[in-house]
Number of protein chains: 2
Amino acid sequence: MNIGTASDHSGLPPKTIRYYEEIGLIKADRAPNGYRDYSETHLHKLAFLHRARGLGFSIEECRQLLALYEDKSRASGDVKELAEQKLVEIDRKMLELRELKKSLGHLVEHCHGDDRPDCPILDSLAEGLAPQ
Amino acid sequence: MNIGTASDHSGLPPKTIRYYEEIGLIKADRAPNGYRDYSETHLHKLAFLHRARGLGFSIEECRQLLALYEDKSRASGDVKELAEQKLVEIDRKMLELRELKKSLGHLVEHCHGDDRPDCPILDSLAEGLAPQ
DNA sequence: CTTGAGCTTCCACCTACTGGAAGGTTTAAG
DNA sequence: CTTAAACCTTCCAGTAGGTGGAAGCTCAAG
């Protein structure tokens, strides 16, 4: 499948997919005409990259995460350790999202678009910090 | 409080804090000696920025999110709409994190660092895609 | 067989930092 | 008091991760 279709399915712009190939993150096959050719497996990896990057994982982290899915890495105990470390990081991100959501939800509830002058937002922003 | 202390409390490197000031994202007061001076409110915003950036929100999105907490924005109905739109995005990110976690958890469970050649990872990666 | 969409590479530009130099300030030790 | 470490300042260059656009090739439709 061509890069445009792969783009549609993965959510990544063609430019970005080419860039990822350029930096050795994910290499496409080539059709006889020179066009990049993507398989379902490629699609999965691209969609995975889209998700992971959108969640704040760096390219290097994505490279590690992708390595987890490659045969050569699966034989090593380091891999499991890396995955577990990423799981901890994911839990932290989920917690942060919950806090962010709480802050914003608070805003939506209490500052409902009229001229009410009081806003408890900074309080909820303060989550986890010393009180003012 | 000085930039170093603000850095310790917010988790953002001093360089990044200065950069955020340079692009007009968050402006510090100045002490008589010319040093930047941060209040608790500044700290909250910096910690908020740290969280939001780490979760994949762009600088421009962070600028919008910060605007939600400023008086001038609170009088507008657009603000509520923006916040609700961000809430949808946060829910999506949480869902994606759960999927990512499922994939990785699967890996940790089934590929336990020995030489087992079979791995169901690409299946769980395929979450939401057409089957291979 | 031409027109347009889609692909290729290459190069420049953009965003979001990050490192380092050069120099002023504050703190703590001698 | 002074000197050294650990701050802080600005400025400038470099890096990471794309993104836009030009020039040119390819493919499917009319």
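Both backbone and side-chain heavy atoms feed into the values below; hydrogens, waters and symmetry mates do not. Chain letters run A, B, ... following the sequence lines, proteins first and then strands; every chain starts at 1.
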Going by heavy atoms in the side chains, are A:Q64 and A:K86 under 4.5 Å from each other? yes

Can you find a heavy atom in the side chain of B:E99 that is under 4.5 Å from one in the side chain of A:F48? no

Let me confirm one number: the [atom1]-[atom2] distance from [X] to [Y], rounded to the nearest 0.5 Å.
| X | Y | atom1 | atom2 | result |
| --- | --- | --- | --- | --- |
| B:R51 | A:L95 | CZ | CG | 9.0 Å |
| A:E89 | A:F57 | CD | CZ | 4.5 Å |
| A:L65 | A:R53 | CG | CZ | 11.5 Å |
| B:H50 | B:L46 | NE2 | CG | 10.5 Å |

At what angle, to 10 degrees, do the two end axes of the helix from C:dC1-D:dG30 to C:dC14-D:dG17 meet, given five pairs define each axis? 20°

Nucleotide range of DNA chain D contacted by chain B, 5' to 3', under 4.0 Å to a heavy atom?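 Range of nucleotides touched by chain B: D:dC7 to D:dC11.
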
Just to be sure I understand the geometry, which residues of residues 12-27 of chain A put a non-hydrogen atom under 4.0 Å away from DNA chain D? A:P13, A:K15, A:T16, A:Y19, A:Y20

Who pairs with [X] by salt bridge (charged side-chain N to carboxylate O under 4.0 Å, His left out), at least two apart in sequence or on another chain?
| X | value |
| --- | --- |
| A:R63 | A:E60 |
| A:D91 | B:K101 |
| B:R92 | B:E96 |

Identify all side-chain donor-acceptor contacts of residues 13-29 of chain A below 3.5 Å with residues at least two apart in sequence or on another chain.
residue, atom, partner, partner atom, Å
A:E21, OE1, A:A28, N, 3.4
A:E21, OE1, A:R36, NE, 3.1
A:E21, OE2, A:R30, NH2, 3.3

How would you give the extent of chain A contacts on DNA chain C, as first and last nucleotide 5' to 3' within a 4.0 Å heavy-atom cut-off? C:dG6 to C:dC10

Listed partners of A:N33 passing side-chain contact (heavy atoms from CB on, under 4.5 Å), at least two apart: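 A:N33 satisfies side-chain contact (heavy atoms from CB on, under 4.5 Å) with A:A31, A:Y35 once adjacent residues are dropped.
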
List the residues meeting ring-ring contact (aromatic ring centres under 6.0 Å, His included) with A:H42, not counting sequence neighbours, and say none if there are none.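 ring-ring contact (aromatic ring centres under 6.0 Å, His included) list for A:H42, sorted by chain: A:Y38.
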
